[in-house]
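Before any comments, here is the structure.
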Amino acid sequence: MTAPEQEPRADHRGILEGDDRVRHVSLQGDDASVDVAPSALRRWGWGMATLALLFVTPYVVPGLSRFAPWRPGDGYIPFWNIVGRELMGQGKQQEAARAEVARLEELARQALDNAEPAASEDEPAGRNHAALPTGSVPGDQSVPKVYPAYAVPAADAVEVAVGIENVAQLDHYYERLTLTELGLPGAITRASQWGDSVLGGDGLTSAIRRRLQHRFGDAGHGFHSLGRYNLSYVHQGVRYGDRGGWRTCEIIFKCEPDGRYGYAGVTSRSSGGGTSRWRTAAKGIGSSVSRFEFWYAKDPEGGRFQVKVDGEVERVIDTRADAPADAITSFWVPDGEHSFEVRAIGGGVARGYGVVLERDNPGIVWDELALIGSFTQRLDYQDPEHLAWQVDHRGVDMLVFMFGGNDVQRETMDLVHTMQPYEDEYARVLRKFKAGRPSASCLVMSLMDHGERAGQFGVQSRRIVPKLVLSQQKVALAEGCAFFNTFQAMGGKDSIARWYNARPQLAGADFSHPTIAGQELIATLLYRALMQGYAGFRKDHEGKPLPEVGPGPVRDDIVKLESKKPSKTDADAGAK
């Protein structure tokens, strides 16, 4: 008897021998096996070849291109996620992008956590020194004569990826910061920041103001326009109400024939009835003020303003004069809660620029001067003598500029082939502003990244953005300004996509503006860069002669209300 043929057993090593077939190819051992005939393999091969031929034919046969499964500019590439991204190295790029988003998200969370440091409801936040008279203290032995030794606070000892270029141009601002930190009488450090809609809502500027005031002291909110010229013109840390009646003129419209647009680039006119009110914040930063300034124009056809302090009429200002001029009326009040109202009461056309709310104690002021929709060049519309007077009388220690967001539109117009027109414009603007305060520091912040959808590549930086950044850097360094590369601090090319996809979301759906979290993050990046420069300045100046505080800005028209008590309640003073 012939013994039955032994069936060969499959093993994990794969193909087994036997007859004319490939038999029992094991996947996981004896219990999982498949039989594959050579004819099946041939059919599979012919099928794949046919698919490849069908895919390629529309690209090589004239007249069939409309049947191509993908054409340049399409939003989808077949099998891109499987093969294309890896072949072009985008797998690693995606990993790097994810890591960058994670870093940004952590920074954003830190920025938001530090946005509102804990403060007593009864006392403004920050290093609030007792109210002190302005000016230096001759012969006072307690005033340091040299820069003392400096230990970097732990909160400032944070690694900075993108620092400030040409940082030596900030020496004047750092000198003032030193005097402020030492608590010397009259040591108020003021910065003024002009910018386009990236500053809208006072988000970015209030964030940097808040950080500096908590670090060095609250010297007040700063400058505020008289009338609301744009719905996006909103300030933080002050309660403001525009009751209407104003005809506003923003510099971007070139609507003042005499070129006198005021410190913020906005004027407000009324022949009677125009009314605006300001009230200190309910608590924390901005809850106290000891000086209120009203900035206005004089003119042969000028009308009258009525100024109320805490609900009482304190001054009627007649702006009629023989020749056009600028003027400031200052009201001193006891440091605390107050309300202020400015109203046009006829007698001609009254024209005002804005108001200042400050405290006369050592601390920080950071003015928000947003010009919504402004191209950089629009600032050149200012009359030079008028602007110089405004900047000088504000007592500015650092001029900060952040423009370019609207100039992005010029990538298909006059900036297609050369950036020279833009560089010439920005240089003229910087010279004009610096002429009013030659001793002040100057800082140019680049525009943030701006993006657009680019087919299969998703959201990318607009081509002109890196060019604008380089032009802004070039002009800043040539004109004696420091430079902060906001674009690189965000992450550089295509960072706007990562900001949009981050959680919390850092950029809006227009790929041009930061969200609130994004504004807080930009403020954090700038603050850390400023503090890095400040630490270096203090270390370099240890033992060197300390400058005097010097007198504050000159004021001719002063109203002192020594007997007036701080107002605790004023239900009608300004919108909430």
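Keep in mind the model is a prediction, meaning the values are calculated, not measured.
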Practice item. Check ring pair (Phe, Tyr, Trp, His ring centres under 6.0 Å) between W295 and all other residues, then give those that pass, not counting sequence neighbours. Key: F223, Y263
Point to revise | Spacing of L379 atom CG and L387 atom CG [to the nearest 0.5 Å] | key: 8.5 Å
**Study point:** Min side-chain heavy-atom separation L371-V266 under 4.5 Å
**Key:** yes
Exercise for review: Identify, with sequence neighbours excluded, every residue that meets side chain to side chain contact (heavy atoms under 4.5 Å, CB included) alongside A191.
Suggested key: Y173, W366, M398
Review point. Ignoring hydrogens and geometry, is there a side-chain-to-backbone donor-acceptor pair from D407 to F375 under 3.5 Å?
Key: no
Exercise for review: Check step by step if salt bridge (charged side-chain N to carboxylate O under 4.0 Å, His left out) holds for R378 and E250.
Suggested key: CA-CA 10 Å; R378 299 295 194 264; E250 186 187 1; over 6 Å; no
Exercise for review: Output yes when a side-chain donor or acceptor of N230 lies under 3.5 Å from a complementary backbone atom of I372, and no otherwise.
Suggested key: no
**Study point:** Distance, nearest 0.5 Å, that separates NE2 of H513 from CG of D196
**Key:** 6.5 Å
Quiz: residues 299-307 side-chain donor-acceptor pairs under 3.5 angstrom, not counting sequence neighbours:
{"from": "D299", "atom 1": "OD2", "to": "E301", "atom 2": "N", "distance (Å)": "3.0"}

Check your understanding: Within 45 degrees of the axis of the six-membered ring of Y381 and under 6.0 Å from its centre: does K254 put its NZ or CZ there?
Key -> yes
Check your understanding: Roughly how far, to the nearest 0.5 Å, is CE of M402 from OG1 of T486?
Key -> 4.0 Å
**Study point:** Flag side-chain contact, heavy atom, 4.5 Å: P504 against T515
**Key:** no
Point to revise | Polar side chain donor-acceptor pair, W194 to D367, under 3.5 angstrom | key: no
Review point. Taking side chain as C-beta onward, heavy atoms only, is Y353 less than 4.5 Å from S225?
Key: no
Exercise for review: Flag the pair V365 / I188 as yes when at least one side-chain heavy-atom distance between them is below 4.5 Å, and no otherwise.
Suggested key: yes
Study note, to complete from the structure: Heavy atoms of I252 and S374 approach each other most closely as CG2-CB, 3.2 Å
Check your understanding: Judged by atom type as modelled, is there a donor-acceptor pair below 3.5 Å linking the side chain of E542 to the main-chain atoms of A149?
Key -> no
Point to revise | Centroid separation F216 to Y534 less than 6.0 Å | key: yes
Exercise for review: Test ring-ring contact (aromatic ring centres under 6.0 Å, His included) on F537 and H172 and set out the steps.
Suggested key: CA-CA 10 Å; F537 173 86; H172 174 79; over 10 Å; no
Review point. Do R176 and T189 meet the criterion of a side-chain donor-acceptor pair at a distance under 3.5 Å?
Key: no
Review point. Below 4.5 Å, heavy atoms only, C-beta onward: do H221 and R209 meet side chain to side chain?
Key: yes
Review point. For the atom pair CD1 (I328) and CZ (R394), what is the distance rounded to the nearest 0.5 Å?
Key: 9.0 Å
Check your understanding: Are the side chain of T180 and the backbone N or O of A187 linked by a donor-acceptor pair below 3.5 Å?
Key -> yes
Practice item. State yes or no: are the ring centers of F331 and H338 separated by less than 6.0 Å? Key: no
Check your understanding: Below 4.5 Å, heavy atoms only, C-beta onward: do P514 and E520 meet side chain to side chain?
Key -> no
Check your understanding: Counting only N and O atoms by type, is there a donor-acceptor contact under 3.5 Å from the side chain of D397 to the main-chain atoms of R190?
Key -> yes
**Study point:** Other residues, nucleotides, ligands: >12 heavy atoms within 6.0 Å of K298 NZ
**Key:** no
Check your understanding: Under 3.5 Å, is there a donor-acceptor pair linking the side chains of S290 and W332?
Key -> no
Review point. Is Q213 reaching over with its side chain to a backbone N or O of G220, donor-acceptor style, under 3.5 angstrom?
Key: yes
**Study point:** Ring center gap for Y261 and F253 short of 6.0 angstrom
**Key:** no
Point to revise | Check: G347 main-chain N/O paired with R320 side-chain donor or acceptor under 3.5 Å | key: yes
Practice item. Begin with the C-alpha distance, continue with both residues' side-chain angles, and end with the deciding distance and a verdict on ring-ring contact (aromatic ring centres under 6.0 Å, His included) for H235 and Y240. Key: CA-CA 8 Å; H235 275 212; Y240 166 67; 8.1 Å; no
Exercise for review: State whether a side-chain donor-acceptor pair under 3.5 Å links S276 with E341.
Suggested key: no
Practice item. For residues V198 and L204, report the shortest heavy-atom separation together with the two atoms involved. Key: O-CB, 4.3 Å
Exercise for review: Start with the C-alpha distance between E479 and R431, add both sets of side-chain angles, then the distance that settles salt bridge (charged side-chain N to carboxylate O under 4.0 Å, His left out), and finish with yes or no.
Suggested key: CA-CA 7 Å; E479 297 301 324; R431 291 172 198 153; 2.9 Å; yes
Practice item. Give a yes-or-no answer on whether the side chains of Y296 and D326 include a donor-acceptor pair shorter than 3.5 Å. Key: no
Review point. Do R291 and D360 pass the salt bridge (charged side-chain N to carboxylate O under 4.0 Å, His left out) test, and can you show the C-alpha distance, the side-chain angles, and the key distance before you say yes or no?
Key: CA-CA 7 Å; R291 179 162 41 83; D360 285 297; 3.1 Å; yes
**Study point:** Carboxylate-amine/guanidinium contact R260 D383, below 4.0 Å
**Key:** no
Check your understanding: Would D218 and I364 count as a side-chain contact (heavy atoms from CB on, under 4.5 Å) if you check the C-alpha gap in whole Å, the side-chain angles of each, and the deciding distance to 0.1 Å?
Key -> CA-CA 6 Å; D218 173 14; I364 298 296; over 6 Å; no
**Study point:** Within 6.0 angstrom of D258 CG, more than 12 heavy atoms from elsewhere
**Key:** yes
Practice item. Would you sort out whether T267 and E256 count as a side-chain hydrogen bond (donor to acceptor under 3.5 Å, both in side chains), showing the intermediate values? Key: CA-CA 9 Å; T267 62; E256 293 288 4; 2.6 Å; yes
Review point. Does the side chain of Y229 come under 3.5 Å of the side chain of S268 through a donor N or O and an acceptor N or O?
Key: no
**Study point:** Close aromatic pair by centroid cut-off 6.0 Å: F292 and F294
**Key:** no
Review point. Going from CD on Q193 to CG on D202, what distance comes out if it is rounded to the nearest 0.5 angstrom?
Key: 9.5 Å
Check your understanding: Between Y233 and H224, is the ring centre distance below 6.0 Å?
Key -> yes
**Study point:** Pairwise distance CZ(R215) to CG(L530) - rounded to 0.5 angstrom
**Key:** 11.5 Å
Revision key, fill the gap. Side chain to side chain donor-acceptor pair (under 3.5 Å) with T275: of R243, K308, R343, only one passes, and it is R343
**Study point:** Polar side-chain atom of S270 near backbone of G272 as donor-acceptor pair, under 3.5 Å
**Key:** yes
Practice item. Might you point out which heavy atoms bring G395 and P553 nearest each other, and give the distance in Å? Key: CA-CG, 4.0 Å
Review point. Got L526 and F484 here, is their nearest side-chain heavy-atom distance under 4.5 Å?
Key: yes
Check your understanding: Backbone N or O of T280 within a donor-acceptor pair of the R239 side chain at under 3.5 Å?
Key -> yes
Review point. Are the side chains of Q377 and V429 in touch, meaning some heavy atoms are under 4.5 Å apart?
Key: no
Review point. Do the rings of F401 and F433 sit parallel, tilted or perpendicular, given the 30° and 60° boundaries?
Key: perpendicular
Exercise for review: Would you please test S339 and R277 for side-chain hydrogen bond (donor to acceptor under 3.5 Å, both in side chains) and show each step?
Suggested key: CA-CA 7 Å; S339 65; R277 293 178 178 177; over 6 Å; no
Check your understanding: Would you call R315-D557 a salt bridge at under 4.0 Å N-O?
Key -> yes
